[in-house]
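Everything below concerns the one structure shown next.
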Amino acid sequence: MTILPSFLSPVTLWGLYVRRCFAASGLSQQSMKLDEHTTLHFWGPHQTIPNNKPCLVLIHGFGPAAMWQWRKQVQFFTPNFNVYVPDLVFFGRSTTTSPDRAETFQAASVAKLLEKLGVERFSVVGTSYGGFVAYHVARMWPERVEKVVIASSGVNMRGRDSEALLKRANVEKIEDLMLPATAAQLRKLVRLAMFKKVDMIPQFFMNDLIEKLYSDKRKEKMELLKGVTIGRDDKANISPLHDKEVLIVWGESDQIFPLEMATELKQLMGTKARLEVIKNTSHMPQIEDSVQFNHIVQNFLCKDRV
């Protein structure tokens with residue numbers, strides 16, 4: 001695989017642009033040592049709590065670090081919210097020496113980060129794997145979470161759903177899909193995750209994406225995939241978030257977590273849950289149709305707010 005030097009790398013150049021977008025939105029890169037084992041990197045306001053705006057936490061999915069998944073949401077929500085965008089453990093520069101690889105550990109790390117930052121109350125948005133984390137944050141710390149947005153996230157996944165995903169992807173192991181090591185594997189992931197067909201992406205660009213976004217901490221990320229507790233059983237082992245307003249946002253053509261999972265999840269989340277489906281999108285509606293996604297989430301978060 002040919003590796004481009006940094007000054008010729010499209011991913012490196014785009015990364016510079018994304019960082020400038022985050023900085024122009026009033027966020028800065030920061031790190032917080034949570035305890036002797038774990039350090040989280042995150043994007044957040046320059047001051048701890050700079051104003052009386054409500055706090056919003058964006059939790060990324062499995063794949064590249066947070067900044068690659070939330071650019072348009074950061075630009076949209078920062079005028080009205082104090083936005084925090086953490087890199088989960090083993091993504092970006094976040095790391096731990098703890099052996100725990102469950103998504104509940106990720107949730108505890110996010111909650112501890114916000115506590116150390118003095119963020120007492122917040123709403124949380126999680127996409128895909130980040131939706132698992134967001135659900136557990138709301139379940140484990142209900143007194144701190146205001147509203148919950150679960151986007152494209154099969155929190156109600158069963159063992160048979162995992163098997164069906166492997167069959168759709170025509171792979172034997174989940175890491176062959178979620179941790180692509182070759183351009184062919186990345187093309188397969190993109191075809192499942194995006195509504196629009198992108199088969200014409202040049203080989204050198206796919207290789208650049210693999211090298212810059214998928215090569216770091218592969219061993220640890222494989223352990224994270226194996227450590228996920230959701231989806232191990234033949235039934236959906238989740239508790240309703242009865243006291244929470246929950247918004248579920250889904251791409252109509254999602255091939256990672258099909259739309260019928262969203263319909264069932266709405267029933268499982270309790271009477272205050274609602275479902276919004278975005279047409280002409282797949283697994284990444286926050287990227288594929290950011291305008292509609294942002295307005296749906298904004299209307300939900302700002303409803304009843306004085």
Within 45° of the ring axis of F91 and under 6.0 Å from its six-membered ring centre, is that where the NZ or CZ of K217 lies?
-> no

Determine yes or no for a side-chain-to-main-chain donor-acceptor pair under 3.5 angstrom, with S98 supplying the side chain and D100 the backbone.
-> yes

Decide if atom CD of E143 counts as having more than 12 heavy atoms of other residues, nucleotides or ligands within a radius under 6.0 Å.
-> yes

With V89, which of T39, T38, L224 fulfils side chain to side chain contact (heavy atoms under 4.5 Å, CB included)?
-> T38

Taking the six-membered ring for Trp, are F132 and F257 parallel (under 30°), tilted (30 to 60°) or perpendicular (over 60°)?
-> tilted

Which distance, rounded to the nearest 0.5 Å, do you find between the NE2 of H60 and the CE of M67?
-> 12.0 Å

Between Q29 and H41, does any side-chain donor sit less than 3.5 Å from a side-chain acceptor?
-> yes

Hey, are N280 and E252 close enough side-chain-wise for a donor-acceptor pair under 3.5 Å?
-> no

Residues pairing under side-chain hydrogen bond (donor to acceptor under 3.5 Å, both in side chains) where one sits in residues 226-250, two or more places apart or in two chains, turn out to be E103-T229, D233-N237, E245-K303

Show me the side-chain donor-acceptor pairs of residues 268-278 shorter than 3.5 Å, one per line, residues at least two apart or across chains.
unit_1, atom_1, unit_2, atom_2, d
R274, NH2, E276, OE2, 2.6

Side-chain H-bond candidate by donor/acceptor type, S9 with D208, under 3.5 Å = yes

With rounding to the nearest 0.5 Å, note down the distance linking OG in S282 to CG in L192.
-> 7.5 Å

Residues D35, K112: salt bridge by 4.0 Å N-O rule | yes

Just by distance, with hydrogens left out, do H136 and T104 show a side-chain donor and acceptor under 3.5 Å apart?
-> no

On a heavy-atom basis, the closest approach of K188 and N170 is NZ-O, 3.5 Å

Is the distance between the ring centroids of F195 and H283 under 6.0 Å?
-> no

Checking Q73 side chain against L58 main chain: does a donor-acceptor pair fall under 3.5 Å?
-> no

If you measure from the Lys or Arg side-chain nitrogens to the Asp or Glu carboxylate oxygens, is any gap between K219 and E223 under 4.0 Å?
-> yes

Is there a path from L209 to Y17 through hydrophobic residues (I, L, V, M, F, W, Y) whose side chains come within less than 4.5 Å of each other?
-> yes

Using a distance-only test with no angle check, is there a side-chain donor-acceptor pair under 3.5 angstrom linking S253 and Q255?
-> no

